Number of protein chains: 2
Amino acid sequence: MGYMTTGAARPLGSGRVRSTRQGAAVDAALRDADGFRTAQDLHGELRRRGETVGLTTVYRHLKSLADAGEIDVVLRPDGESQYRLCRPVDPADPAAGHHHHLVCRKCGRAVEVEGPEVEEWAGRVAAAAGYTQVTHTLEVFGLCPKHS
Amino acid sequence: MGYMTTGAARPLGSGRVRSTRQGAAVDAALRDADGFRTAQDLHGELRRRGETVGLTTVYRHLKSLADAGEIDVVLRPDGESQYRLCRPVDPADPAAGHHHHLVCRKCGRAVEVEGPEVEEWAGRVAAAAGYTQVTHTLEVFGLCPKHS
DNA sequence: GTAGCTGCAAACAATTTGCACACCG
DNA sequence: CGGTGTGCAAATTGTTTGCAGCTAC
């Protein structure tokens, strides 16, 4: 079975088998968003644009994009998930690596932040307590300059 | 070594007006738990003990205990909340203050961890990006020595 | 043509709330 | 008694799933 994957702008949805209007719409909404958005936000935005895409479909695309590692997911303190495109995979900068986010509570605008010292700290305290298979969640929230 | 707990314990529920069997049962379940537990866990444990306490009531007590700062709440990556009694206020180390948790994914056993460097890091990156009113969520998950 | 994709409704799971009744003080 | 506490059922919210019809390839 030959596969395709068009040759133009870096396509999202590497896990997708077919290309559909709805998938493209979700991609577009994610691209246009200047920060993290909830599934419902994206769905609302699409409706606003006149795109008819079911909420279910939005969730399904987000799920597969997340599984494919093409979007970042941040769990807000209230338990709701927000999504944002990962930074484009640049051939010159392949291994994107582990990072966290500084997210605006008002508009979702986010800055990717890295904290080697934090990763190290987490590993250290875990090791000191004898814990293994360690993972961590770390998100920073605040008000961006425009909303301060 | 020594397990003391269930004997003479500091009274919980500083916000409560009345003392009831259900409130005491929730307190007891929290005291006996050796780690973080979800509301449903606690409710199940109470039933197992033969205590009839409504799930609603468990939630209500957890809510008020959390508001009173008597229990810590950790949001798991799947969005469910887990609760655990705060460590007893140590007279020798009063200002317990801000801390995070290293939680076992299997049994909920947790170690309180502090990371001044992490707090500092968060403040630094936020300031660098011009973000204000900064807060952060940080939890470390792993397998405790008994479950590794 | 057919498997994947879509969308509506229904299912789900965690948590909250309305309301009548119970019972602590 | 009086009002807080309780509990059941129903409502909420975010997200997932069943399934029949649609459509990209």
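Just so we're on the same page: letters track the sequence lines, and every chain starts at 1. The figures here come from the full heavy-atom set of this structure, side chains too, leaving out hydrogens, waters and symmetry mates. Computed from a predicted model, the values in this text were never measured in an experiment.
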The reported gap from CD in Glu112(A) to NE2 in His99(A) (rounded to nearest 0.5 angstrom) is 3.5 Å

Round to the nearest Å and state the distance from His61(B) atom NE2 to dT16(C) atom C1'.
16 Å

How long is the line joining CZ of Arg21(A) and P of dC22(D), in whole Å?
14 Å

Regarding Arg49(B) and Glu45(B), does a basic nitrogen lie under 4.0 Å from an acidic carboxylate oxygen?
yes

Leu55(A) CG to dA10(C) P: how many Å, rounded?
16 Å

Rounded distance in Å - OH (Tyr59(B)) to P (dC8(D)):
15 Å

Roughly, in whole Å, what's the span from CZ in Arg60(A) to P in dG14(D)?
19 Å

Ser19(A) side chain near dA24(D) phosphate (N/O to OP1/OP2, under 4.0 Å):
no

Roughly, in whole Å, what's the span from CZ in Arg18(B) to C1' in dT4(D)?
4 Å

Using a 4.0 Å heavy-atom cut-off, does Gly79(A) contact any base of the nucleic acid, only the sugar-phosphate backbone, or nothing at all?
nothing

dG7(D), OP1 or OP2 - any side-chain N/O from Gln22(B) closer than 4.0 Å?
yes

Does the side chain of Val125(A) reach to within under 4.5 Å of the side chain of Tyr131(A), using non-hydrogen atoms?
no

Are a donor atom and an acceptor atom from the side chains of Arg76(A) and Thr137(B) found within less than 3.5 Å of each other?
no

Without decimals, in angstroms, what is the distance between His43(A) NE2 and dT15(D) C1'?
13 Å

Would you classify Thr20(B) as touching base, sugar-phosphate or nothing, given that sugar-phosphate means primed atoms plus P, OP1 and OP2, and contacts are heavy atoms under 4.0 Å?
sugar-phosphate

Looking at the side chain of Lys63(A), which of dG7(C), dT16(D), dG5(D) is the nearest nucleotide?
dT16(D)

note: Glu80(B), atom CD; dT16(C), atom P; distance rounded to Å ~ 12 Å

For the ring pair His136(A) and His100(B), is the centre-to-centre distance below 6.0 Å?
no

Can you find a side chain N or O atom of Thr56(B) that sits less than 4.0 Å from OP1 or OP2 on dT17(C)?
no

Given that Val53(A) and Ala39(B) both sit by DNA chain C, which one's nearest nucleotide is further toward the 5' end?
Val53(A)

Sugar-phosphate only, base, or nothing, as touched by Thr38(B) at under 4.0 Å among non-hydrogen atoms:
nothing

